[in-house]
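Both backbone and side-chain heavy atoms feed into the values below; hydrogens, waters and symmetry mates do not. Because the structure is predicted, anything quoted here is derived from the model rather than measured.
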Amino acid sequence: MFSIPSIRVAIVGAGPGGFFAAGELFKQLGDGVRVDVIDQLPVPYGLVRYGVAPDHPRTRRVIRQFEAFARAQNFSFLGNVAVGRDVTVEELRSLYDAVILATGAEKSRDPEIPGTQLPGFHHAIDMVRWYNGHPDYRDYAADFSCERAVVIGNGNVALDIARMLIRNPEELRSTDIAKHALEALAESRIREIHILGRRGPAQNRFTAPVLSELASLPGVSCVAHSDELVLNEESRREMQDAHEIGRKRALDVLQSFAMNGGEAGQKRVVFRFLLSPLDVTGPDRVTGVRCRRNRLEGEPRHQRAVPTPARETLDCGMVVSCIGYRGEPVPGLPFDHARGVLPHRQGRVLQGSEVIKGVYATGWIKQGGHGLIGHLKPDAVETVRSVMEDLNASTGERKTRSSEVGDLSEILLHRGKRVISYAEWKTIDEAEIRRGVQSGKIRENYTSWEELLSAAGA
Ligand SMILES: Cc1cc2nc3c(=O)[nH]c(=O)nc-3n(C[C@H](O)[C@H](O)[C@H](O)COP(=O)(O)OP(=O)(O)OC[C@H]3O[C@@H](n4cnc5c(N)ncnc54)[C@H](O)[C@@H]3O)c2cc1C
């Protein structure tokens with residue numbers, strides 16, 4: 001353990017990236033560190049609360065770990081505080097020995113095709129926030145009156161969306177799904193979902209258990225076209241690589257869908273490969289997706305989707321794009337617009353090739369918008385290691401500063417900002433659980449800013 005007294009660290013973003021960094025700081029520095037976790041929302045946990053699907057409650061259990069970190073004496077949560085709006089990064093740098101950005105990747109990647117402005121077209125991030133009760137999405141309009149939807153993307157988020165749209169809403173009744181979403185899905189007429197991948201089945205980004213879960217839903221058949229499941233030589237070689245065991249397992253599940261037309265009377269999820277959307281057809285609302293057929297070209301593990309002249313139109317009334325996420329710039333800091341991340345070296349944020357002293361990144365804003373929650377732990381360890389090395393190298397300088405600086409909560413109070421503390425968040429949390437018990441659910445989240453702030457006692 002390092003012997004550096006009363007270090008002050010601000011972490012911006014209370015998602016898994018931020019909490020893993022807090023936990024690692026406590027592990028390294030124990031009582032020698034004060035950690036303030038700041039979030040623009042009045043509630044913590046980022047995508048664990050507002051991304052993970054309601055029918056995956058076990059995934060949300062990671063919150064228990066985060067709660068253990070938050071119970072530390074030297075931990076504070078400052079909710080309802082947006083960095084860049086309520087306080088600047090520059091101000092944070094003057095108040096803290098280190099500032100760790102963990103702001104995630106909150107923007108959906110755009111498929112950049114015509115027709116995405118039509119009613120009936122959705123970005124996955126909007127839909128998942130809506131069904132999870134995010135306060136900015138209470139009035140989000142999704143129309144489930146069509147029978148067929150198309151989901152673009154070959155990762156687990158595409159499977160989450162397909163599952164939420166196709167499964168019997170009765171099975172969601174006891175989850176923490178937002179009340180408004182449950183009511184809307186109960187009226188849904190969707191019976192068929194096509195999931196599109198621009199490359200082949202061997203290049204999928206699904207995980208086998210989530211695929212199998214979809215296939216085992218009562219009343220739902222998973223289907224794939226046999227000819228689209230045929231692997232080229234390069235893909236066969238990819239699948240022999242021991243590193244690709246995860247994708248191989250998912251491929252095995254996909255291949256078990258071959259030749260399966262689906263049982264009569266069942267809803268269907270159809271997996272399609274080597275198809276890229278060209279445009280979403282209208283004119284007044286979504287009527288279909290025009291696709292081009294691709295072939296694969298390139299060496300194993302580097303195969304690209306190359307267009308062919310073949311075209312196909314899938315009629316549908318809803319399209320959901322699940323092609324990934326990108327971070328948003330943090331005011332006052334450089335940004336890698338091509339990758340949608342903060343430029344960094346081992347977590348140290350860079351201006352050109354120079355390190356910005358005392359500013360770090362972790363989580364999706366550092367590594368890009370992909371990967372599971374568990375992957376963020378080693379990522380946070382790397383960032384905290386850089387923080388520790390830099391603090392150790394500047395101990396004298398830091399001691400003088402820390403005796404002179406003010407307190408962020410007080411500064412925000414002077415600005416008239418209503419800051420939500422961890423104790424106030426727990427008041428919201430307990431009230432949501434109580435509301436859930438009354439309606440036979442795990443919890444019933446508050447879904448507007450007014451409700452959240454008033455539940456906190458504001
Ligand atoms: C739809 C979806 C489903 C997923 N399901 C799973 C799953 O089942 N299992 C799994 O392991 N992984 C899942 N993931 C991945 C997982 O959610 C991410 O790996 C993880 O949440 C990323 O953590 P993060 O802390 O970097 O970002 P986030 O979780 O996004 O947290 C970022 C936080 O920063 C805050 N913030 C942003 N900007 C500011 C600002 N300017 N000022 C203050 N605060 C700010 C945000 O409000 C947010 O709370 C899913 C992801 C998505 C998108």
### Task
I would like to know whether Trp449 and Tyr137 meet ring-ring contact (aromatic ring centres under 6.0 Å, His included); could you show each step before the answer?
CA-CA 10 Å; Trp449 285 87; Tyr137 287 78; over 10 Å; no
### Query
Going through the checks in order, is the side-chain contact (heavy atoms from CB on, under 4.5 Å) test met by Val99 and Val12?
CA-CA 7 Å; Val99 179; Val12 184; 4.2 Å; yes
### Task
Evaluate the salt bridge (Lys or Arg N to Asp or Glu O under 4.0 Å) criterion for residues Glu67 and Arg64: first the C-alpha distance (whole Å), next the side-chain angles of each, then the deciding distance (0.1 Å), finally the verdict.
CA-CA 5 Å; Glu67 285 178 334; Arg64 292 184 196 162; over 6 Å; no
### Message
Test salt bridge (Lys or Arg N to Asp or Glu O under 4.0 Å) on Lys248 and Glu244; report intermediate values, then the result.
### Response
CA-CA 6 Å; Lys248 171 80 174 70; Glu244 299 295 356; over 6 Å; no
### Check against salt bridge (Lys or Arg N to Asp or Glu O under 4.0 Å), Arg189 and Glu147
CA-CA 5 Å; Arg189 298 183 56 218; Glu147 294 210 349; 3.4 Å; yes
### Message
Pair Asp279, Thr116 - check side-chain contact (heavy atoms from CB on, under 4.5 Å), show working.
### Response
CA-CA 8 Å; Asp279 54 32; Thr116 56; over 6 Å; no
### Message
Could you walk me through whether Ile428 and Leu452 satisfy the side-chain contact (heavy atoms from CB on, under 4.5 Å) test, starting with their C-alpha distance in whole Å, then the side-chain angles of each, then the deciding distance to 0.1 Å, before giving a yes or no?
### Response
CA-CA 7 Å; Ile428 300 174; Leu452 284 165; 3.9 Å; yes
### Message
Under the criterion salt bridge (Lys or Arg N to Asp or Glu O under 4.0 Å), I'd like the reasoning laid out for Glu450 against Arg138: C-alpha separation, chi angles, the key distance, then a yes or no.
### Response
CA-CA 12 Å; Glu450 296 73 31; Arg138 186 178 165 126; over 6 Å; no
#### Entry: Evaluation steps, side-chain contact (heavy atoms from CB on, under 4.5 Å), between Met127 and Leu165
CA-CA 10 Å; Met127 190 165 281; Leu165 294 184; 4.2 Å; yes
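At a threshold of 4.5 Å between non-hydrogen side-chain atoms, the residues Ile442 and Arg60 do not count as touching. Two residues are said to be in side-chain contact when any heavy atoms from C-beta on lie closer than 4.5 Å; Pro44 and Phe66 fail this criterion. Side chains of Pro135 and Thr447 form no contact here, defined as non-hydrogen atoms less than 4.5 Å apart. Within the 4.5 Å cutoff, side-chain heavy atoms of Asn445 are placed close to those of Arg49. The side-chain heavy atoms of Val89 and Pro331, taken from C-beta on, include no pair separated by under 4.5 Å. At a threshold of 4.5 Å between non-hydrogen side-chain atoms, the residues Val289 and Thr281 do not count as touching. By the 4.5 Å heavy-atom criterion applied to side chains, Val269 and Val223 are not counted as neighbours. By the 4.5 Å heavy-atom criterion applied to side chains, Val35 and Ile11 are counted as neighbours.
Within 6.0 Å of atom NZ in Lys417, more than 12 heavy atoms from other residues, nucleotides or ligands are found, so the atom counts as buried in its surroundings. In Arg198, the CZ atom is not crowded: 12 or fewer heavy atoms of neighbouring residues, nucleotides or ligands sit closer than 6.0 Å. More than 12 heavy-atom neighbours from other residues, nucleotides or ligands sit within 6.0 angstrom of NZ on Lys426. Around CZ of Arg285, the count of heavy atoms belonging to other residues, nucleotides or ligands within 6.0 Å exceeds 12. In this structure, Arg415 places its CZ atom where more than 12 heavy-atom neighbours from other residues, nucleotides or ligands lie under 6.0 Å away.
A donor-acceptor pair under 3.5 Å is formed between the side chain of Ser216 and the backbone N or O of Glu213. For Arg191 (side chain) and Gly265 (main-chain N/O), a donor-acceptor pair under 3.5 Å exists by modelled atom type. Here the side chain of Ser212 pairs a donor or acceptor atom with the backbone of Ala208 at under 3.5 angstrom. Between the Gln65 side chain and the Ala68 main chain, no donor and acceptor come within less than 3.5 Å of each other. For Trp364 (side chain) and His370 (main-chain N/O), a donor-acceptor pair under 3.5 Å exists by modelled atom type. With Arg268 contributing its side chain and Val220 its backbone, the two residues share no donor-acceptor pair below 3.5 Å. With hydrogens and angles ignored, the 3.5 Å screen pairs a side-chain donor or acceptor of Lys267 with a backbone N or O of Ile166.
Summarising the geometry, atom CD belonging to Glu24 is positioned 10.0 Å from atom CD1 belonging to Ile100; distances are rounded to the nearest 0.5 Å. Within the model, atoms OG1 of Thr287 and CG of Leu314 stand 11.5 Å from one another, a figure rounded to the nearest 0.5 Å. The CG atom of Leu182 lies 13.5 Å from the OH atom of Tyr131; values are rounded to the nearest 0.5 Å. Atom CG of Asp252 and atom CZ of Arg247 lie 13.0 Å apart (nearest 0.5 Å). In this structure, the separation between CG on Leu229 and CZ on Phe257 is 9.5 Å, given to the nearest 0.5 Å. A distance of 8.0 Å separates CH2 in Trp130 from CE in Met164, rounded to the nearest 0.5 Å.
Judged by distance alone, the side chains of Asp55 and Thr175 never bring a donor and an acceptor atom under 3.5 Å apart. Judged by distance alone, the side chains of Thr427 and Glu424 never bring a donor and an acceptor atom under 3.5 Å apart. Side-chain contact check for His375 and Gln367: no donor-acceptor pair (N or O, by modelled atom type) lies under 3.5 Å. Between the side chains of Gln266 and Ser221, at least one donor N or O lies within less than 3.5 Å of an accepting N or O. Side-chain contact of His134 with Asn132: a donor-acceptor pair under 3.5 Å is absent, judged by distance alone. Side chain to side chain, His122 and Tyr140 meet the donor-acceptor criterion of an N or O pair below 3.5 Å.
Residues Gly153 and Ile195 approach most closely at O-CG2, 3.3 Å, considering heavy atoms. Across all non-hydrogen atoms, the minimal contact from Leu342 to Ala361 is CD1-CB, 4.0 Å.
Checked against side-chain contact (heavy atoms from CB on, under 4.5 Å), Ser235 has the following partners two or more places apart in sequence or in another chain: Ala202, Gln203, Leu231, Asn232, Leu296, Gln303.
The side-chain hydrogen bond (donor to acceptor under 3.5 Å, both in side chains) pairs that include a residue from residues 71-84 are Arg34-Ser76, where partners are two or more places apart or lie in different chains. Identified under the salt bridge (charged side-chain N to carboxylate O under 4.0 Å, His left out) test for residues 436-449, with sequence neighbours left out: Asp429-Arg443, Glu432-Arg443, Lys441-Glu444. For residues 312-338, the pairs satisfying side-chain hydrogen bond (donor to acceptor under 3.5 Å, both in side chains) are Arg272-Glu312, with sequence neighbours left out. Pairs passing the ring-ring contact (aromatic ring centres under 6.0 Å, His included) check and including a residue from residues 183-225, sequence neighbours excluded, read Phe206-Phe271. Residue pairs that meet the salt bridge (charged side-chain N to carboxylate O under 4.0 Å, His left out) test with at least one member in residues 106-117, sequence neighbours left out, are Glu106-Arg129.
Annotation: Phe19 is in aromatic contact with Phe75 [ring centroid separation under 6.0 Å]. Between Phe69 and Phe20, the distance from one ring center to the other does not fall under 6.0 angstrom.
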